[in-house]
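These notes concern the structure reproduced below.
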Amino acid sequence: MGIQVYSTLTRKKEAFETLEPNKVRLYVCGPTVYDKAHVGHAMSALVFDIIRRYLQYRGYSVKHVMNYTDVDDKIINRANILACDPFELAETYIQQYAQHLKDLNILPATINPRATREMDEIIRFITDLINKGYAYEAGGDVYYRVEKKSDYGKLSGRKLDDMRAGSRIEVDERKENPMDFALWKAAKEGEPAWDSPWGKGRPGWHIECSAMSGAHLGEQIDIHGGGNDLIFPHHENEIAQSEAHTGKQFARYWIHNGMLQLSGEKMSKSLGNLITIEDFLAAHPADALRMMVLNSGYRNPLTFNDEIIGQAERGLERLQSGLKEAQPQTAGLADTSALDEAAKAARSGFEASMDDDFNSAGALGHLFELVRVINQARADGATDEQLKPAQDVLEELTGVLGLTLRVEKGSQAADAFINLLVDVRQDVRQAKLWELSDKIRDQLAELGVQVEDAKGGSTWYWK
RNA sequence: GGCGACGUGGCCAAGUGGGAAGGCAAGGGUCUGCAAAACCCUGAUCACGGGUUCAAAUCCCGUCGUCGCCUCCA
């Protein structure tokens, strides 16, 4: 059985079949760049990075598009407050976001389009919608006509009638239906604006994704992703526009990640309860956040707090323990079949879990079982050569999840001195000068070097 | 109010008809001069109440609770 993917559109798992064999067209909604990104953004980016890496492991070539919304009301407002240029503001945060993705070991998208650089495409798209009767101009604005297509609401499971009451929606007299949404917004004085058939203005939020997806991935794509807070109205509107434009199904699978929660509430800019990626990375390794994401279902809400981060960090240490070297001067195992079988079982279990809607928590479970067998073998005296095949599998599969299991490394020069010290300490221990031997170990620990004593000698590593 | 998701051991969490994975924490033990690491051992009436079934954590109905969307949001 191949990969099964849960699609929001059908609310069930479906067999994953791409439009073109072995190729995946993936579009993920990126951030609006008006402020520092927080760990919730990181979670979403991590989820789709994990999905992408697994698809690649499964032999797919993935064309991954992630956009930056670099012109909109919030950017303009922020720029006004800071008395700076909105384009420069956006540029600053785009650069910062790209660096965060790198720091988080998230593979760069194949293409990162920006709304401001795709204006011709956007205008062509809107023009076509007007020509086809799906949109209308009203005083320099252009609105999408939600009643024109009968399936509006199919992604979010809403009916126009249910939303009509819409007490919280400010009714705009110029709209035919209160749910009609802006494709193009006429510019006010001093705002960034582009020429269009409807006068100076800028694109609405939803249209840019449809236009850029079409421009870079074609009329139909395999996966469209984003946070589940985008289901309505953003993705609903994207479907409406794109399918009105092409007459074809837009995305085959809609994948949405759950929200990151802080103190029981969604982390968001408007609630002000956020932790920036910058702050997180200053205090924790990038792998810790990825580990948190991996250990839970991507569709479920994920609670973010110190205890959970701590659990993730200790879980990482456990994975790392599987990669440690053999005990010094060990005799070796007579039989390594347990290791071979464990490695084999780990790979097939890993694949079965990940095939099932990217069940990374289940996949991790299989990797932990491999760790246990490796550690058992080491404790039983396996040599490095004997451990290596299983460790290679562990390293490969954790790599598929995007974990680096990075072990801090000092300089080569320092290594030589530490080896010397540990070696000398070995003689000190043989002479049973425990006080001196402990002093060396303690002081090395203060320098970040963990020394571990075993029967045949000592090993050490940077921590 | 409408729509949707979720509720599994102290914590995180997999499993969605027939043996309740895994991790963290805790306790006990092995190893060790000590420490650390590692290894071994110990734990769940699957929110509650009904129902379907030979069989339910898993399906159906109801109750309670948590969260999300309905307005900008990853």
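A, B, ... follow the sequence lines: proteins, then strands. Residue 1 opens every chain.
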Ring of A:F232, cation from A:R158 - is the NZ or CZ under 6.0 Å from the centre and inside 45° of the axis?
yes

A:Y6 six-ring face occupied by A:R11 cation (under 6.0 Å, within 45°) =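 Negative - A:R11 is either too far from the ring of A:Y6 or too far off its axis.
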
Write down the distance between [atom1] ([X]) and [atom2] ([N]), rounded to a whole number of angstrom.
{"X": "A:N257", "N": "B:C69", "atom1": "CG", "atom2": "P", "value": "12 Å"}
{"X": "A:L262", "N": "B:G68", "atom1": "CG", "atom2": "P", "value": "12 Å"}
{"X": "A:F232", "N": "B:G2", "atom1": "CZ", "atom2": "P", "value": "17 Å"}
{"X": "A:L155", "N": "B:C69", "atom1": "CG", "atom2": "P", "value": "15 Å"}
{"X": "A:D70", "N": "B:C72", "atom1": "CG", "atom2": "C1'", "value": "17 Å"}
{"X": "A:D229", "N": "B:G68", "atom1": "CG", "atom2": "P", "value": "11 Å"}
{"X": "A:H235", "N": "B:G4", "atom1": "NE2", "atom2": "P", "value": "20 Å"}

Reading nucleotides 20-26 of chain B from 5' to 3' and marking B where a protein heavy atom lies under 4.0 Å of the base, S where only the sugar-phosphate is that close, and - otherwise, the string is -BBBBS-

So salt bridge (Lys or Arg N to Asp or Glu O under 4.0 Å) across residues 367-388 of chain A, not counting sequence neighbours, yields A:K388-A:D392

Checking N1-N3 plus N6-O4 or O6-N4 for Watson-Crick, or N1-O2 and O6-N3 for wobble, each under 3.5 Å, the partner of B:U16 is none

Quick note, side chain to side chain donor-acceptor pair (under 3.5 Å) partners involving residues 393-403 of chain A, not counting sequence neighbours, are A:R347-A:E396

* Asked: With a 6.0 Å cut-off on ring centres, are A:H366 and A:F350 close enough?
  ->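 Not under 6.0 Å, so no.
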
- request: Answer yes or no: side-chain N or O of A:D453 and base N or O of B:C34 forming a donor-acceptor pair under 3.5 Å.
  value: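 Between B:C34 and A:D453, which were checked side chain against base, a qualifying N/O pair under 3.5 Å is present.
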
